Trainee: 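There's a structure below that I have some questions on.
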2 protein chains.
Amino acid sequence: MQLNELSQRSGVTPASIKYYLREGLLPPGEAVHATRAEYSAGHLERLELIQALRQVVGLNIGQIRGLVKMADDGVPRLDLLAAVQRVVLDLGNYTTSVGGEAAEATDAVVRFRGWPDSASDARNALTAHLELMAGLKIPVSETVLEAYSKAMDDVAGLDIAATTAPESTDRLILTAAVGMHMHSQLLLKLLALAQASHAIRRYHG
Amino acid sequence: MQLNELSQRSGVTPASIKYYLREGLLPPGEAVHATRAEYSAGHLERLELIQALRQVVGLNIGQIRGLVKMADDGVPRLDLLAAVQRVVLDLGNYTTSVGGEAAEATDAVVRFRGWPDSASDARNALTAHLELMAGLKIPVSETVLEAYSKAMDDVAGLDIAATTAPESTDRLILTAAVGMHMHSQLLLKLLALAQASHAIRRYHG
DNA sequence: CACGCATGGATAGTGGCTCTATCCTAAGGC
DNA sequence: GCCTTAGGATAGAGCCACTATCCATGCGTG
């Protein structure tokens, strides 16, 4: 198919498709000659991925480019999922701080939860976040950390099970990113409702 | 104090202060005459609030304006806290959909958690979010909803206790917004770590 | 008393981001 | 052989959060 058909099937305007091509999110079509290029079902799938990551998950072009580059480079699926987790849950690119109270608190959490204690983006992100909270003078007691981590341990026991290993890499990224995002948002909505409920109980009953 | 001193004490450039004045985030100083205005400690506090909401919580100018307007209008503290929760946890302005599977699921959660079942932003947001997930073909089983809500119920039992009712309304908003944001982010970091840990156990142990 | 310079106020410009519109050339189809 | 249309390049738009410039005013300093 050519650009126009790709546009109509995906619902993305030709101008935007050209933009994604320029930005390297969409690989160029196979040039049949100087002024015609042929696009495949893979391009359509890629466009759906881009749309979902932009509109549902809210990633920016750079983040999307990072993910699709990995996909195109044939990076192993586990690494891909880790990358998806990093951008979707905003684990950032923190400088790995090695000592300090925050690192100790992270160690403590990992220990009393019995989690495997290997280094990871999530671990660095947690340490960095605890440092940030300390810097903002927001105390995080061991009690809170224990309760939160227990709650998240319970939650993590379930949701990955739903992922029914998709066929293509693009679809894997799509389902993983959208699933992670929607589930984390679901958690926050439930937290809001729980907090509101507790507040009502406290003040009105 | 005058603009320049306010700028130096707050660390905000005069140009930005003028911008906040124009946008109605910062009330005008008391005009001593045509070309001089005097700013108070309240202005400094307001600037600190704006800074925190922009840089830490990541709110935009419109959201901040909404909150400070409420503060200036002397809205009751509980309403203020509800507004803070709405913008910080992204509860949005959803159209209150009354019926449908999602609404039933929300009812079910509230029922088996024993939460007071009054209408609220959080409740609408949850229903809307469940509808969104259904639209995206992401199934949310009752098991997941039960586990998630249980976890959030446990979490909500703790963290509001830390709020030591601050003196001024601006400080109340600041501590509430920053606290909510950082705690919710903490939860997501812990979720990431928990998921990574479960994944490792599954694949390597 | 007069001059210079900071202040407040208005207006316009900047830079980043994500598109979107225009223009041009080169072909394919009728 | 002409007209439509794809593809490619470039420039522009619109939003956001500032940031810089300009100007009249009038306080403070000498």
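Remember, predicted model here, so these are calculated numbers, not experimental data. So you know, we letter chains A, B, ... as the sequences are listed, proteins then strands, and number each from 1.
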Trainee: Tell me whether the count of non-hydrogen atoms from other residues, nucleotides or ligands lying under 6.0 Å of CD in A:Glu142 goes above 12.
Mentor: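 Result for CD/A:Glu142: open.
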
Trainee: Nearest whole Å is fine: how far is C:dT20 C1' from A:Ile61 CD1?
Mentor: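 That distance rounds to 14 Å.
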
Trainee: Let me know the distance between CE of B:Met1 and P of C:dG8, rounded to the nearest Å.
Mentor: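 Rounded to whole Å, this separation is 12 Å.
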
Trainee: Just wondering, do B:Glu45 and B:Leu174 contact through their side chains at under 4.5 Å, heavy atoms?
Mentor: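 No, every pair of side-chain atoms sits at 4.5 Å or beyond.
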
Trainee: Separation of B:Glu38 atom CD from C:dA6 atom C1', in whole Å?
Mentor: 15 Å

Trainee: Contact class for B:Arg22 vs. all strands (heavy atom < 4.0 Å): base, sugar-phosphate, or nothing?
Mentor: base

Trainee: Among C:dT20, D:dC18, C:dG8, which nucleotide has an atom closest to any side-chain atom of B:Gln2?
Mentor: C:dG8

Trainee: Round to a whole Å and report the spacing from CD of A:Gln63 to C1' of C:dC17.
Mentor: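 One finds 13 Å between C1' of C:dC17 and CD of A:Gln63, rounded.
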
Trainee: Would you mind telling me which residue lines up with the more 5' stretch of DNA chain D, B:Gln55 or B:Lys18, judged by nearest nucleotide?
Mentor: B:Gln55

Trainee: From C-beta outward on B:Tyr39, which listed nucleotide comes closest to its side chain: D:dC18, C:dG8, D:dG7?
Mentor: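 Shortest atom-to-atom distance from the side chain points to C:dG8.
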
Trainee: Salt bridge between A:Lys189 and B:Asp121, side-chain N to carboxylate O under 4.0 Å?
Mentor: no

Trainee: Return yes if the base of D:dT4 and the side-chain atoms of A:Arg36 contain a donor-acceptor N/O pair under 3.5 Å, otherwise no.
Mentor: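 A donor-acceptor contact between them is absent.
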
Trainee: NA contact type, A:Glu23, heavy-atom cut-off 4.0 Å: base, sugar-phosphate, or nothing?
Mentor: nothing

Trainee: Could you tell me the separation between the CG atom of B:Leu59 and the P atom of D:dC16, rounded to a whole number of Å?
Mentor: 15 Å

Trainee: Taking OP1 and OP2 of D:dT19, is either one under 4.0 Å from a side-chain nitrogen or oxygen of B:Ser16?
Mentor: yes

Trainee: Are B:Met182 and B:Val56 close enough, and set up right, to give a side-chain contact (heavy atoms from CB on, under 4.5 Å), and what steps lead you there?
Mentor: CA-CA 9 Å; B:Met182 295 310 285; B:Val56 180; 4.0 Å; yes

Trainee: D:dA17 phosphate, OP1 or OP2: any side-chain N/O from B:Tyr20 under 4.0 angstrom?
Mentor: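 False: B:Tyr20 side-chain N/O out of range (4.0 Å or more) of D:dA17 OP1/OP2.
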
Trainee: For B:Ala37 and A:Ala15, find the nucleotide of DNA chain C closest to each by heavy atoms; which residue's nucleotide sits nearer the 5' end?
Mentor: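 Mapping each residue to its closest nucleotide by heavy atoms, the 5'-most match is B:Ala37.
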
Trainee: Separation of A:Leu21 atom CG from D:dG7 atom P, in whole Å?
Mentor: 9 Å

Trainee: Begin with the C-alpha distance, continue with both residues' side-chain angles, and end with the deciding distance and a verdict on side-chain contact (heavy atoms from CB on, under 4.5 Å) for B:Leu186 and A:Leu126.
Mentor: CA-CA 7 Å; B:Leu186 173 60; A:Leu126 176 56; 3.6 Å; yes

Trainee: Side-chain N or O of A:Asn4 versus OP1/OP2 of D:dA6: is the shortest distance under 4.0 Å?
Mentor: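 Answer yes for this pair, as a side-chain N or O of A:Asn4 is under 4.0 Å from OP1 or OP2.
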
Trainee: Starting at atom CZ of B:Arg65, determine the distance to atom P of D:dC16, rounded to an integer number of angstrom.
Mentor: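 B:Arg65 atom CZ is separated from D:dC16 atom P by 10 Å.
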
Trainee: Take atom OH of B:Tyr19 and atom P of C:dT14, then tell me their distance rounded to the nearest Å.
Mentor: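 My rounded result for the distance is 17 Å.
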
